[in-house]
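Only one structure is covered here, and it is reproduced in the block below.
Each chain gets a letter, A, B and so on, in the order its sequence line appears, and its residues count up from 1.
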Amino acid sequence: MKIEFTLNERPVSVDVAPMARLLDVLREDLRVTGTKEGCGEGECGACTVLVDGRAVLAADELIVAIELPAVAPGAYQGWRKVGTRAAQSISKVMAAAVIEVADGAIATCRFALGAVADRPIRVPTAEAAALGRAPDATTAAAVAAATAAAIAPIDDVRSTAAYRRRVAGALLSRFVMNAGRR
Amino acid sequence: MAVAPGPVGQSVPRVDGVAKVTGAARYLDDLDVPGAWHGVTVRSTIPHGIFEGLDLDPAFDWSAVVVVTADQLAWGAGLAAGGLGDNYVAMIDRDQPALVPPGGRITHADEPVALIAAPTKALAAAARRAARPRQRPLPPVLTIDDALAAEIKLYGDDNIFKQFLIRKGHGDDDEFDAAMAGAAQIIDGTYHTGAQEQMYIEPQAMAAWKDGALHVAGSMQCPYYVHKALKRVLGHADFNVVQAVTGGGFGGKEEYPSLVAIHAALLALKTGRPVKLIYRRDEDLRATTKRHPMRARYRTLVDEGTGRLLAAEAELLFDGGAYNTLSPVVNSRGAIHALGPYRCDHAVIDALMVATHTPPNGAFRGFGAPQAHWSAERHIDRIARVLGLDPLAVRRTNMYRDGDRTPTGQVLRDVGIGIVLERALERAEKPLPPRLAATRPGGGGPAARLVPSRGLALAWHGCGFTGNGEAALKGKADVALEGRDVVIYIASTDIGQGPETIFPQIVAETLGLPLARVRNAPHDTAQVPDSGPTVASRTTMVVGGVAQKAARKLRDALAAEVGFDGDFDRMLAARKSAANLRVQAEYTDDCSLVWDPKTYQGDAYPAFGWACVIVDLDVDADTGEVFYRRLVQATDVGRAINPVLCSGQLEGGALQALGFATSEELVLDAQHGMRNNRLTNYIIPTALDAPEMETVLVEIPFAGGPFGAKGIGEIPHDVPHAAVAQAIERATGAVLDRLPMTPERVLAALDTAAEPSA
């Protein structure tokens, strides 16, 4: 199919196969070689293309909005990605929590984990272990124990099941303690 | 010293900088090679066995592509008979075949067994999927212990590529054994390092084409290594090798490109067309060389009051992988640096390089020294721990002083370790930068158990080739007057470290010319002499010195021509001829080094660099993660020809070492191939992970280097990982003697930790 666009401030017209990668069209057909294939999976950024001055993803990868329920004013929120690099890598474990404390006790709480199952999960047994209790070390330990019992993570190239089990519990415990310290 | 009038010592912008940041620089894949076909490599899928032949899927149309197996080639027939030379990759040994022939032995997973070229990338990839090696598996040797057991023999009778034994003082006699046997306390430690990927910017890439003669161009550090290997395989020397723009090498573009060049040349000859052979990243990660994994055991006798080293026994075991490559030299450098920058009067160092059925390990920045320093520095920390002493005090007690002898018996002069230590400590007194909240994605308050800490480590690094290596090699450089400009002809390549800029600085300064009138010629074996390889922290110090000598010869030749010696441009104006004037200089040993390669005694290096690294970090005691805050390094560079480029080398090397410390780990599959062969899963640090860098250039000039310069390419990778381990131990009591210190290992070590020492 034939497409026309402006490339580096000059109009171009090129006949491309529908499944052709933009990278190959730019490099092979149009001989614009400043754009490189570095890792072959969009990880290193050497293939980044600017459209109208902004780095873009492919059309089917574009997330335009995410809608979430509002968190109650004053509720504690904690979240962490755990890994060996700050960005551009898949986490070993992820954890998030929303905790409301009223009159010294946990009134509501939601605990979520990533990379410990085949999808992001809530941990209802850990939430149950926290509800109605004081946000203290005893509750934190109960949350860690309930978390470890509730999940069945795997060993893979990024981490071990044992590490994920332990750290998932440790992070939720941390959130409970932090909620209590406020 | 008076301020230099010329460009030396100035941070002039790098010559290749603008082209690289704007994308105008042409890497191999960017070059127009009209009519080029695309090459791919068919690889083994087992670590050990017999390659019985190549199965070609009958459903695929093989008429559109060209397939090459080693049995189709006329090896040993020579050019006159229309054939080739020998089927091996010429390096230190002859053990690695260019292509395993049918009936031949597969010695590691992902070993090349066939080559395919096709007019398009897509067709080449489809052909590779349709070609399957038929393999008869044999039991493999996968670990150092399996190799030493030698039940399966892969190299010689004992699977040992190379052994070096260095003895000092009573290390030579029975008194040593008696003292060790009779000691009340021997401090005994075992230390491990993992493999590491160089992660150069572009994957391995080579092109070959014929227009009368054969031409080979590609991504490489050492054009003459490639030339030597091609000459052996082709059986003639009627070809040239040109370096394309190369974005980083770190050793990964040292010896491996020889194999890629051979394959590209074989495909070009077989197809009669130009061929580009470019590895995919996942293929590159699985198939190419890594840093040698090491296991070391240190046993030392020390003075219990001070921690002074009295006698030491160090055994270093390196995994060389399936072929010798450059492993003997890595073993050598590891052995010589085994005790770190510390004096020990009685020592036995025994370093072994073993063979296993795994992809060959090879050159990597530091060449065995980062592994050896890891054991040396961890062992000093162990001595401090066992004796209840301050690790810094034990370092101060033991570090070299002028007149001390190294394990090879070399008498040290101008020892810089004390100076770099004090300069680093001074700089580390500056307040730490505020902790960046964005260092790790997260929110909701910090961990209660986020523990700040600091670690320190010391390094020394021999510059240039070991012993009589440089004298034997006789690296050459030409300098030529061409019109009003001066052109430098060297085989030393720019792989990001700066010779395109630094060599013109050295020559312009020597001749009193403006920098704009001096440049490097392309690194093409048809044009440049053999300066030796771009390795071993030798380019500026050794080849730069030869180029300086050539520049002086040019001035002398010009003076002789015009009949007087004076200002360069005045001599130029007095010339009657417009002909180019080109001279050559060659390395000569002006340091009177005495070296015995048999006993490994004598002057191992013409000069040593010295470094101190101080790392500030936080340990998350809930997750085992380490967050870097600041890295201070003070390094003796001899003389910084270009301070910004020099600091850049030191900072980049240190960041690479932090990756080695905590994040870079090869996860292996059952065939001992790399399972995490993607940039998503093999975790190198990014700019977000980098600490604030404070770099102090200490200049203790080396008389044998140009303007006093020493080699600095490798020393920054020698000890940051050891400083990190010390910091983790101080913060948490967790003792880590194995690299990398992943969160999983840190957490496991925390479980068995004693109370932190500070």
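Considering OG1 of B:Thr120 and CD of A:Glu28, their distance stands at 10.5 Å, rounded to 0.5 Å. Within the model, atoms CE of A:Met177 and CG of B:Asp622 stand 10.0 Å from one another, a figure rounded to the nearest 0.5 Å. Put simply, CZ on B:Arg678 and OG on A:Ser89 are 12.0 Å apart, with the number rounded to the nearest 0.5 Å.
Neither the backbone nor the side chain of B:Glu202 has a heavy atom closer than 4.5 Å to any heavy atom of chain A. Neither the backbone nor the side chain of B:Ala748 comes within contact range of chain A; no heavy atom of the residue lies under 4.5 Å from a heavy atom of that chain. For B:Pro203, the part lying under 4.5 angstrom from a heavy atom of chain A is the side chain only.
Interface check for chain A: of the options B:Pro740, B:Ser663, B:Ala25, B:Gly659, the most heavy-atom pairs under 4.5 Å are formed by B:Ser663. Of the listed residues (B:Thr623, B:Ile278, B:Val667, B:Thr686), the greatest number of heavy-atom pairs within a distance under 4.5 Å of chain A belongs to B:Thr623. Counting heavy-atom pairs closer than 4.5 Å to chain A, the top residue among B:Arg280, B:Arg675, B:Lys121 is B:Arg675. Heavy-atom pairs under 4.5 Å with chain B peak, among A:Asp24, A:Val32, A:Thr33, at A:Thr33. Between chain A and the residues B:Ile201, B:Thr662, B:Asn676, B:Asn681, the largest count of heavy-atom pairs under 4.5 Å involves B:Asn681.
Between the side chains of A:Glu41 and B:Thr680, at least one donor N or O lies within less than 3.5 Å of an accepting N or O.
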Inset, instruction - Test B:Asp620 against A:Arg80 for side chain to side chain contact (heavy atoms under 4.5 Å, CB included), laying out the working first. - result: CA-CA 12 Å; B:Asp620 186 328; A:Arg80 264 305 300 280; 3.3 Å; yes

Inset, instruction - Could you give me the CA-CA distance, side-chain angles and deciding distance for B:Glu625 and A:Thr84, then say whether side chain to side chain contact (heavy atoms under 4.5 Å, CB included) is met? - result: CA-CA 7 Å; B:Glu625 292 166 292; A:Thr84 43; over 6 Å; no

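Using a cutoff of 4.0 Å between basic side-chain nitrogens and carboxylate oxygens, A:Glu43 and B:Arg281 are not scored as salt-bridged.
Although no hydrogens or angles enter the test, the distance criterion places a donor-acceptor pair under 3.5 Å between the side chain of A:Arg85 and the main chain of B:Ile684.
For residues 153-173 of chain A, heavy-atom neighbours of chain B at less than 4.5 Å comprise A:Asp156, A:Val157, A:Arg158, A:Ser159, A:Thr160, A:Tyr163, A:Arg166, A:Val167, A:Ala170, A:Leu171, sorted by residue number.
Pairs of residues two or more places apart, or lying in two chains, that qualify as side-chain hydrogen bond (donor to acceptor under 3.5 Å, both in side chains) and include a residue from residues 17-32 of chain B are A:Arg27-B:Asp29, A:Arg27-B:Asp30, A:Arg31-B:Asp32, A:Lys36-B:Asp30, B:Asp16-B:Lys20.
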